[in-house]
**Q** 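For reference, the structure I am asking about is given below.
Every number for a ligand or one of its atoms is a count from 1 in the order of the listing. This one's a predicted model, so the numbers in the text were calculated from it and none came from an experiment.
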Amino acid sequence: MRLRHSHTSPFVRKVTVLLHETGLVDRVAFDTVDGWSEPEALTGDNPLSMVPTLELDDGSSLYDSPVVCEYLDNCHDGARMIPTSGDARWRVLREQALGDGILDCAVLIFMETVKRPEDKRWDWWVDLKRRAIMRSVDRLEADADGLAGRVDLGTVSIAVALSYLDLRGAVGEWRDGHPQLAAWHAGFAARPSMQSTAPPA
Ligand SMILES: N[C@@H](CCC(=O)N[C@@H](CS)C(=O)NCC(=O)O)C(=O)O
């Protein structure tokens with residue numbers, strides 16, 4: 001298998017944390033690509049030109065990150081990162097959706113505040129996305145007890161999303177007013193899988 005990836009993409013990081021946690025990391029070759037440059041190596045596998053994209057041994061490919069994670073979770077014999085049924089499954093999938101949604105908002109804020117020419121920036125849009133992130137962080141603080149002691153795709157997604165808020169500074173210091181979530185994140189971020197996938201400063 002070959003993972004087309006970038007070092008800073010948080011969606012890629014979700015996949016690579018899962019690879020480490022499941023012991024699959026040595027079964028995957030890594031190919032660094034820049035989706036914005038639309039390289040043929042990537043667009044041939046994924047017409048959207050986005051990472052992560054997983055090329056399988058038979059030459060076919062899978063994307064986006066939830067699909068790649070689901071596939072990889074079927075490639076190992078350890079504890080499932082995505083429960084196969086019941087309430088636990090829906091909780092993990094909802095947490096993945098919330099983590100990915102925070103990331104979508106943070107990427108949009110980055111595009112608007114850093115990439116877009118200054119005279120074309122839209123404050124209303126940035127504020128809307130910031131409020132969505134902060135409501136999500138409030139909700140996670142209220143539910144922080146439910147994150148404790150778990151290592152699955154739900155907790156990986158939340159931890160990766162919070163770490164990305166630190167990387168891009170999308171909402172300032174999200175820890176203020178969220179002590180339980182901050183303590184949980186500090187513990188999870190110390191895991192070897194998180195440490196070895198940290199983006200370059
Ligand atoms: N929903 C996608 C989002 C992936 C995504 O946004 N990837 C970004 C990097 S963080 C990308 O490839 N951007 C290139 C582009 O938009 O052209 C997933 O979960 O994989």
**Q** Using salt bridge (charged side-chain N to carboxylate O under 4.0 Å, His left out) as the criterion, point out the one residue from Asp64, Asp45, Asp34 that pairs with Arg4.
**A**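 For Arg4, the salt bridge (charged side-chain N to carboxylate O under 4.0 Å, His left out) check succeeds only for Asp45.
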
**Q** Against heavy atoms of Ser49, which atoms of ligand 1 measure under 4.0 Å?
**A**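 In order of number, 14 (C), 15 (C), 17 (O).
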
**Q** Considering both backbone and side-chain atoms of Lys14, is one of its nitrogen or oxygen atoms within less than 3.5 Å of a nitrogen or oxygen in ligand 1?
**A**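 In fact, backbone or side chain, Lys14 has no N or O that close.
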
**Q** What residue and atom, counting heavy atoms only, is the protein's closest point to atom 9 (C) of ligand 1, and at what distance?
**A**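 Ranked first by proximity to atom 9 (C) of ligand 1 is Ser9 OG, 3.8 Å.
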
**Q** Could you list which atoms of ligand 1 come closer than 4.0 Å to a heavy atom of Pro52?
**A**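 The list of qualifying atoms is 20 (O).
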
**Q** Hey, is Pro66 touching ligand 1 through its side chain, its backbone, both or neither, going by heavy atoms under 4.0 Å?
**A**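 Under 4.0 Å from ligand 1, Pro66 contributes side-chain atoms alone.
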
**Q** Working note: Trp174 + Ile102, criterion side chain to side chain contact (heavy atoms under 4.5 Å, CB included); need CA distance, chi angles, decisive distance, verdict.
**A** CA-CA 12 Å; Trp174 60 266; Ile102 290 171; over 6 Å; no

**Q** Just going by heavy-atom distances, which of Leu108, Asp64, Val51 is nearest to atom 4 (C) of ligand 1?
**A**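 Ranked by closest heavy atom to atom 4 (C) of ligand 1, first place is Val51.
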
**Q** Testing Val12, Val67, Asn46, Leu62 one by one against Pro52 for a side chain to side chain contact (heavy atoms under 4.5 Å, CB included), which residue passes?
**A**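 Going through the options one by one, the only one that passes is Val12.
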
**Q** Can you tell me the protein heavy atom closest to atom 20 (O) of ligand 1 and the distance?
**A**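 Going atom by atom, the protein heavy atom closest to atom 20 (O) of ligand 1 ends up being Ser65 N, 2.9 Å.
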
**Q** Does a salt bridge link Arg91 with Asp152, judged by any charged N lying under 4.0 Å from a carboxylate O?
**A**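 No, this pair does not count.
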
**Q** Is a salt bridge present between Glu95 and Lys14, judged by a nitrogen-to-oxygen distance below 4.0 Å?
**A**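 No, no charged N to carboxylate O under 4.0 Å.
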
**Q** Applying the 4.5 Å side-chain criterion to the ILVMFWY set and letting contacts propagate, would Trp125 and Met134 be lumped into a single cluster?
**A**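 No, Trp125 and Met134 fall in different hydrophobic clusters.
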
**Q** Closest non-hydrogen protein atom to atom 13 (N) of ligand 1, residue and atom name please, with distance?
**A**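 The answer is Trp36 NE1, 3.7 Å.
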
**Q** In plain terms, say whether Glu112 and Lys129 are close enough for a salt bridge, that is, a side-chain N and a carboxylate O under 4.0 Å apart.
**A**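 So Glu112 does not pair with Lys129 through a salt bridge.
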
**Q** Pairs of nitrogen or oxygen atoms closer than 3.5 Å, one from Asp104 and one from ligand 1: do any exist?
**A**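 So ligand 1 has no N or O lying under 3.5 Å from an N or O of Asp104.
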
